[in-house]
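Keep in mind that the numbers below use all heavy atoms, side chains included, and drop hydrogens, waters and symmetry copies.
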There are 2 protein chains.
Amino acid sequence: MIKKTEQKIKDAALAVFIQKGFVNCTSREIAREAGMNVALVNYYFRSKSKLFALIFESVMQDFLKSMVQVFCSDLPFREKIRLLIEREFAFLAEHPEIPNFVLNELSRNPKAIEDMLPVLQMVDESGVFVEAKKLQSTGEMRSMDMVQITLLIVSNCHYPFMAEPLMKVIHGVNDKEYKAQLKTHKTHVISMILNYLFPNDKILLNA
Amino acid sequence: MIKKTEQKIKDAALAVFIQKGFVNCTSREIAREAGMNVALVNYYFRSKSKLFALIFESVMQDFLKSMVQVFCSDLPFREKIRLLIEREFAFLAEHPEIPNFVLNELSRNPKAIEDMLPVLQMVDESGVFVEAKKLQSTGEMRSMDMVQITLLIVSNCHYPFMAEPLMKVIHGVNDKEYKAQLKTHKTHVISMILNYLFPNDKILLNA
DNA sequence: CCATAATTTAAACAATTGTTTAATTTCTCT
DNA sequence: AGAGAAATTAAACAATTGTTTAAATTATGG
C-alpha cells in the first residue's frame, strides 16, 4: 500500500511537470492530479524541487536510453543513423513535450546538466564518435564536426514536434493532418541527412 | 519626459520576458530592471498580461519581418532560400532566446496565435508558396508539402540556437567554440537543404 | 487487542504574486 | 507663481505559492 500513493504522486508529477514545466505548475495541482492531499507531496518527496529532480532524471534516462542502445549495436553506421531517426520520431510521437521540457529545464537550472553526464558518458563510450571519424578519414563520410552532425540529426528530429502549434497555425492544418505530415517528414529527414553525410550514396538513397 | 519611463519599462519588459518567459518573471522584476516603481508598470500598461501581449506582438514582428522581405524580393527561388537562412542565423545570433520564447508562449496561450495571423498573411501574399509549387510542377524542385519545406528550414535554423546549453554540455564546448560551430553549421544547412530540394543542382552546390 | 509507528488530513505558516489605493511629488500652462 | 493634471511613490490588498504543524486515521507487530 505504501507504494500506491507514492507512485500515484510520481505519475501525476510526471504528467504535470512535462505538460506545464516546473515553474508553471503548483504542488496542489500535482496533488489534485494524484487525488491526494497536498502535504503528501512533501511527505514523500521532501519538496517540489526534489520531486522534480527525480522526475527529470528519469525522463532523461528514457530520452537517451534508446539512443545509446542504437549506438552500441553492431549495425553499419548508416543504419545506426537511420534507426536512430526512426526511433526518435517514434518516441517523440508518444512524448512530444519532452524536448521543450528538457531545454527549458536546462536554461532554468543549468546545474541539472550534471544529472545527464553519466548517460552522456554512455554515448561517448559506445564508440559511435570514433566510428564516425574513421568513416570521415577514409573520405566515405563528409568531413564535419561531431557537434554539427549531432545538430543536424537532433534539429530535424526534435524541432518538428516542438513547433507543432506554430506549424499548425502557419499552414492551417489540424492535429490529424500534422501527424501525417510528420510521418512523411521523417523519411525526408532520413534521406536528406544520409544524402548529405554520404554524398556518394546519393543515387542509391534517392531511388 | 513621459516617453522616458514608459519606454524604459517596455525595454525592461522585453529583456525580462524573453529571458525568463511570462510566468517565470514578476512585475517587480520588470520594474526593478527599469529602475521604476512597481505600480508604474500597471499605470502605463494596465496589467502584466497587457504588457506582455504588447511585447510579444512586437517580437513577432521582428521575427517575421525579415522573412517576408526576402520572400517579396525578386531573387531567384534558390537565392531566397539561401538568403532566408543567412538572415535567420544572423538574427538568431543576436536574439537566440526568441524561438523558445515564441514556442513557449504559443503552448501557454494558444490564443496568442491570433496576433500572428496578419504577419503570416503577408508571407502567404508574398507568393512564395505559389512560386515553390510552380518549381515543383516542372520537376525542377523536389515534390514535397509546404509544411515539410518549412519544417526543414526552420528546424535547422532555430534548433541550433535553442539547444545551445544542451549541445555545449554534450560535446564539452564553451561559448566561443559553439558560436564558431554555428557559423560553419549555417553553410552546411544551406548546402544540405538546397541539395535536397534541388537534387539536380548537386554538383554545382557542392563545389 | 493494544501500543507504536506510518500514513493521511485540515489548517495554518510566511513569502510572494498581480493589482489597487491614496497620498505625494513633479510637471504644465496661464 | 499657482491651480490642476500627470506622474510617482509607499503601502496595502486579496490570492496563491511551497512548506510545516499538529491532530486524526490507518496499518503493523507482538
Short N-O contact, [X] and [Y], less than 4.0 angstrom:
X	Y	answer
Glu131(A)	Lys80(A)	yes
Glu140(A)	Arg78(A)	yes
Lys168(A)	Glu164(A)	yes

Quiz item: Checking all strands, does Ser47(A) fall into the base, sugar-phosphate, or nothing category for heavy-atom contacts under 4.0 angstrom?
Solution: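 Contact class for Ser47(A): sugar-phosphate only.
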
Practice problem: Just call it for Val41(B): base, sugar-phosphate, or nothing, with non-hydrogen atoms closer than 4.0 Å on any strand. | Solution: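 The residue Val41(B) makes no contact with any strand.
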
For [X], check ring pair (Phe, Tyr, Trp, His ring centres under 6.0 Å) against everything at least two apart and list the hits.
X	answer
Phe129(B)	His171(A)
His185(B)	none
Phe71(B)	none
Phe45(A)	none

Quiz item: Reckon Thr5(A) has a side-chain N or O less than 4.0 Å from the OP1 or OP2 of dT7(C)?
Solution: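 Checking dT7(C) against Thr5(A), no side-chain N or O comes under 4.0 Å of OP1 or OP2.
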
Quiz item: Tell me, which of residues 10-20 of chain B have any heavy atom that sits under 4.0 Å from an atom in DNA chain D?
Solution: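 Under 4.0 Å from DNA chain D: no residue of residues 10-20 of chain B.
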
Quiz item: Looking at residues 21-29 of chain A, who's got a heavy atom less than 4.0 Å off DNA chain D?
Solution: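 Only Cys25(A), Thr26(A), Ser27(A), Arg28(A) qualify.
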
Nearest whole Å is fine: how far is [N] [atom2] from [X] [atom1]?
X	N	atom1	atom2	result
Arg32(A)	dT16(D)	CZ	C1'	12 Å
Leu40(A)	dT7(C)	CG	P	10 Å
Arg46(B)	dT21(C)	CZ	C1'	16 Å
Ile30(A)	dG18(D)	CD1	C1'	11 Å
Tyr43(B)	dA22(C)	OH	C1'	14 Å
Asn42(A)	dT17(D)	CG	P	14 Å

Exercise. Could you please spell out the steps behind the side chain to side chain donor-acceptor pair (under 3.5 Å) verdict for Asn195(B) and Asp201(B)?
Key: CA-CA 7 Å; Asn195(B) 280 356; Asp201(B) 296 359; over 6 Å; no

Quiz item: Could Lys183(A) and Phe89(A) be counted as a cation-pi pair, given that NZ or CZ must be under 6.0 Å from the ring centre and within 45° of the axis?
Solution: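 Judged by the rule, Lys183(A) and Phe89(A) form no cation-pi pair.
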
Quiz prompt | Of the listed nucleotides dT20(D), dT8(C), dT9(D), the one nearest the side chain of Asn37(B) | solution =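 In terms of side-chain proximity for Asn37(B), the closest of dT20(D), dT8(C), dT9(D) is dT9(D).
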
Quiz item: Taking the side chain of Tyr44(B) as its heavy atoms from C-beta onward, which of dG18(D), dT8(D), dT8(C) lies nearest to it?
Solution: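 Closest nucleotide among those given: dT8(D).
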
